[in-house]
Asker: 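Submitted below is the structure of interest, expressed as structure tokens.
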Amino acid sequence: MSMVLRAEIALAAKVLPIARPLADFVAVNPLSGFESLPFGEAVARASALYGCSGYLRPEQYRALYTEGRITDADLRAALHRLWPQLDDTQRERALGSLVDATPLTMPPAMRRALTPVERYDQTHGTELTGTVNDHVVRWCSVFADQGQASWTLPGRHRGLYGAWHHLVVHDRAVPADVRTRLAAAPATAADAVQGAIDTLGAAAGSHRALFEAELTALPGWAAHLRWRSNTIGDVDLIDYLALRLTYEMAVLPEGAAARLGAPPANPPSEADDQLAVWQEAFEQHYRAELLALLRSDGTGTSDTAPPTPAPTPMRPAAQVVCCIDVRSEGLRRHLEALGPYETLGFAGFFAVAIWWRSLAGGDPLGNCPALINPRHAVGETITDGSLAAFQLAAQGQAALDDALHLTKDTPGTAFVLAEAAGWLTGPAAAARTIAPRRWRAWRQRTVDAATPRAHTHVDLSRFALGDRVVTARTALSMMGLTTNFARLVVMCGHTSETAANPYEAGLRCGACGGHGGGPNARVLAAVLNDPEVRAALAADGLVLPDDTVVIAAEHDTTTDEVTILDPHLVPTTHHEDLRQLGADLDAAGAALAAERCATLPGSPGVTLGSESGSAPATANAADARAGCTPELARADAQRRSSDWGEAFPEWGLAANAAMIVGPRSMTEGVDLGRRVFLHSYVAHADPGASGLETILTAPVVVAQWINCQYYFSTTDPHVFGAGTKTVHNPVGTVGVFAGRGGDLRMGLPIQSVAAGSTMVHEPLRLLVVVQAPRRAVNDIVERNPSLRALLVGHWITLVTRDDERDDWHEWTAHRIDQETTT
Amino acid sequence: MSYRDQLTRMTRIEVVITGDDVAAVRELLRSAGVPGFTMVSGVAGLGHGGFHQGSLLFNEHDSQSMLIAVTPDEEAEQLVAGLRELLKERSGVMFVSDTYVSRPEYFGASRSSGAADSAG
């Protein structure tokens, strides 16, 4: 096979979403391969390939208009932005046309990039596509096993195509005549792909279209195999294409492939201008509301007087650094209401990209954003003499688990196990179903009794001092925390514990690769308490007082319980501070649980729904909240966390719509409704703006991925969303099926973005609000082409101001300083 | 007699691409039978699209890397054709030049394109 053809396969694969296995699931933009295109064109191109919708349905926009969530002014602003060449008269005419003539329904989007068998089915009324897809899914499933199955695929070392080619002639599910043809198939994947191209008579210009059609026929599987090719390396997309194409050629009647000819080079795609305007107007409405909220806080006076010198700030009771995750906004708001606490936002991996090895064992976890690879191997060790007892208990637990799995997986012993343990597991399952909260408490008590509580600490011996110092300085300067340290500084990561939820990783910290952020918080706390690090920082002018103790905590976003990690490391001089902080975090969590409770189906006092079918997960309606006292809410949240039948454990990052980069003074006291990623930033703590550059090129990108994941899971829950989770079946550890087979589902389940027919996540492209010198922002955008492409293509919108006295300015392709927004 | 007469002439290929495309380039090198390469992460530079920030602290997808590979002349043509196809649509640059190595077997030279070739 020529290298050109291999390059074309690599380029074709760019249309696939990034897919990670369930345990490492993080939100990504399913259209990331199209980010070099403007948003509208990307949606049109994806629609042709996937048959997906990239906007809400017309009737949903019309309903939002009826409710006043989109106004004539919003539509005018959207028209001005998208079609600036229109004069006033033309714009009014276009407005009238939008309001009066947007069709109330539209036909569903149809995939137009078709494989040879899809084209054959279209013209002959056959159902060969289903036959091919079933066959491909079956073999991919067998190959994808990573040790869960008791029997491994014979000849797996030959690769996907090699193993299949070797065995498929014995596959009795394949008709005899097809098997006869497959027996003559080329032995190598490269020859097989070339052979199919020759059979189809596909000219050079049509190879890409052919590969894209094949890869998007079962995009979930193709995306998984691409991930696997780039990480594990045991498969190649050429294998997958060879398998598909060879089987297609074999099931098509004799001579049909040649008659089908080459696929059209580029399937036609048409941008939907009307829906694009509605979407823009919807976003315009939120943008105006959010910026007004910030202004109304009294920070945007925009006068020309020199700034009044800020009074010396009081020392806060504690500084709590939370993840930028939108869910942290609620915790911060409630905590600040309880006392003189200062809260900050920072990417939840706390600038430490680590392989984390827990004392309890297991494979090390890559706790860092998907944008980077782990850089340091860190583990924990025991601080007292209980290591041997702990290890013995952990090994015993692991041996019990292994024995149980072995017994379950062996045909004979599985029956014995059912006979021997059925009397116990049956009632246990019933108890877990009927009283999940009590089950959770009992299980926790049992685990605590069986495993001695170990006092551990982070072992930094493999984290070089120089790297520790750089990490500490980077983290503190990026978050603007360089002076006025409190006695307690808390690095508060977040996690989520839910039952029977394949998407649990999606509720955990995206900045930690879909894992809990506790380990990262512990590592940064240990780094910042390290006397050598403190000495190096002090030599550089960054002085942490001797009485400042940095501690770690973890926020469970499903129960809103905050756990202080490593409390045994806190000196007695700070026990009273810690006790008060712990009590206030508990109260803040309970208040947040009550606030969230009001938005979850099945909670006390909840009624979701409106004419538009839209009810943001942020709903802070007092009426709904009234029935949800903190005590009831906490109990309800604990039940959701442990109930294996619960489809709505929490809303995750639903309703996310914006990211604010700047000091807390911009947003303090404002209820942002858990819709906003908050990254702390203070320009004077970052004189070279390198921290700002890191924020704009990393946390903003992660937020945009999350935003797009929720966006497209909402606009098309069945293509870039995973459909309803009630019929999901996990496939090993790689993904989920809907039902008993088919494609691996992509994106988020419907229950992450909607409650019944009520849309809970409102799809709005990310608005990024930055308070920092505009010149610095401009320069950063100009030297980072990927960031610039996101802005030029309207994947995100950026508004910025120099400081509190400045007006907001929107970045356009003509740079920020040429356009002002209101 | 030039010192080069003691060496073997081969083709050196340098490719600068974003982190997002490193896997595709590595796959092409592997398919072409190139046994190894050198990778320099975080390279910056000025191109026709403006200045490209090479090293980003927490974003390896958009950081730029340079891959340097050496291959026998007769293997280079196909590989270069594949890389050109990739770079038609992806951001990056490629430099192809003659180079001389002392241990050609390290670079996939199994045939006799050795010192005698360059000695002519």
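The chains referred to below are lettered A, B, ... by the order of the sequence lines, with proteins before strands, and numbering in each begins at 1.
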Asker: Can you tell which of A/Leu787, A/Ile780, A/Thr697, A/Val702 has the highest number of heavy-atom pairs within less than 4.5 Å of chain B?
Answerer: A/Thr697
Asker: Side chain, backbone, both or neither: which part of A/Pro785 has an atom under 4.5 Å from a heavy atom of chain B?
Answerer: side chain
Asker: So what's closer than 4.5 Å to chain B heavy atoms on A/Ile18: side chain, backbone, both or neither?
Answerer: side chain
Asker: Regarding A/Arg208 and B/Glu85, does a basic nitrogen lie under 4.0 Å from an acidic carboxylate oxygen?
Answerer: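 No, no charged N to carboxylate O under 4.0 Å.
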Asker: Quick one: does A/Leu11's side chain get under 4.5 Å of B/Leu86's, heavy atoms only?
Answerer: yes
Asker: Identify the heavy atoms of B/Glu27 and A/Arg6 that sit nearest to each other, and give their distance.
Answerer: OE2-NH1, 3.7 Å
Asker: Please report the closest heavy-atom contact between B/Ala23 and A/Asn230, naming both atoms and the distance.
Answerer: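 The pair with the smallest heavy-atom distance is CB-OD1, 3.4 Å.
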Asker: Answer yes or no: are there more than 12 heavy-atom neighbours, outside B/Tyr106 itself, under 6.0 Å from its atom OH?
Answerer: no
Asker: Nearest heavy-atom pair of B/Phe58 and A/Ala698: which atoms, and what distance?
Answerer: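 It is O-CB, 3.5 Å.
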Asker: Name the region of A/Ala370, side chain, backbone, both or neither, that has any atom closer than 4.5 Å to a heavy atom of chain B.
Answerer: backbone
Asker: Below 4.5 Å, heavy-atom pairs only: which of B/Ala44, B/Ser63, B/Ser91, B/Ala32 has the largest tally toward chain A?
Answerer: B/Ala32
Asker: With heavy-atom distances below 4.5 Å as the criterion, would you say the side chains of A/Lys14 and B/Asp20 are in contact?
Answerer: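 When only atoms from C-beta onward are counted, B/Asp20 and A/Lys14 do touch, with a gap below 4.5 Å.
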Asker: Side chain, backbone, both or neither: which part of B/Arg26 has a heavy atom under 4.5 Å from chain A?
Answerer: neither
Asker: Compare all side-chain heavy atoms of B/His52 with those of A/Arg783 and state whether any distance is below 4.5 angstrom.
Answerer: no
Asker: For B/Gly82 and A/Ala7, which heavy atoms make the closest approach, and how far apart are they?
Answerer: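 In this case the closest contact between B/Gly82 and A/Ala7 is O-CB, 3.2 Å.
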Asker: Begin from the C-alpha positions of A/Val701 and B/Asn59 and carry the test side-chain contact (heavy atoms from CB on, under 4.5 Å) through to its verdict.
Answerer: CA-CA 9 Å; A/Val701 173; B/Asn59 184 343; 4.2 Å; yes
Asker: Measure the shortest side-chain to side-chain distance between A/Glu693 and B/Leu57 over non-hydrogen atoms and say whether it is less than 4.5 angstrom.
Answerer: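 Counting from C-beta outward, A/Glu693 and B/Leu57 never come under 4.5 Å.
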Asker: Are A/Arg375 and B/Glu60 close enough for a salt bridge, meaning some N to O gap below 4.0 Å?
Answerer: yes
Asker: Distance from B/Ser31 atom OG to A/Leu5 atom CG, nearest 0.5 Å?
Answerer: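 Spacing of OG (B/Ser31) from CG (A/Leu5) equals 11.0 Å.
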Asker: Checking heavy atoms, do the side chain of A/Thr474, its backbone, both or neither come under 4.5 Å from chain B?
Answerer: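 Contact with chain B involves the side chain of A/Thr474 alone.
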Asker: Could you grab the distance from atom OG of A/Ser786 to atom CG of B/Leu56, nearest 0.5 Å is fine?
Answerer: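 These two atoms lie 8.5 Å from each other.
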Asker: Measure distances from A/Asn373 to the heavy atoms of chain B and classify the residue's part below 4.5 Å as side chain, backbone, both or neither.
Answerer: both
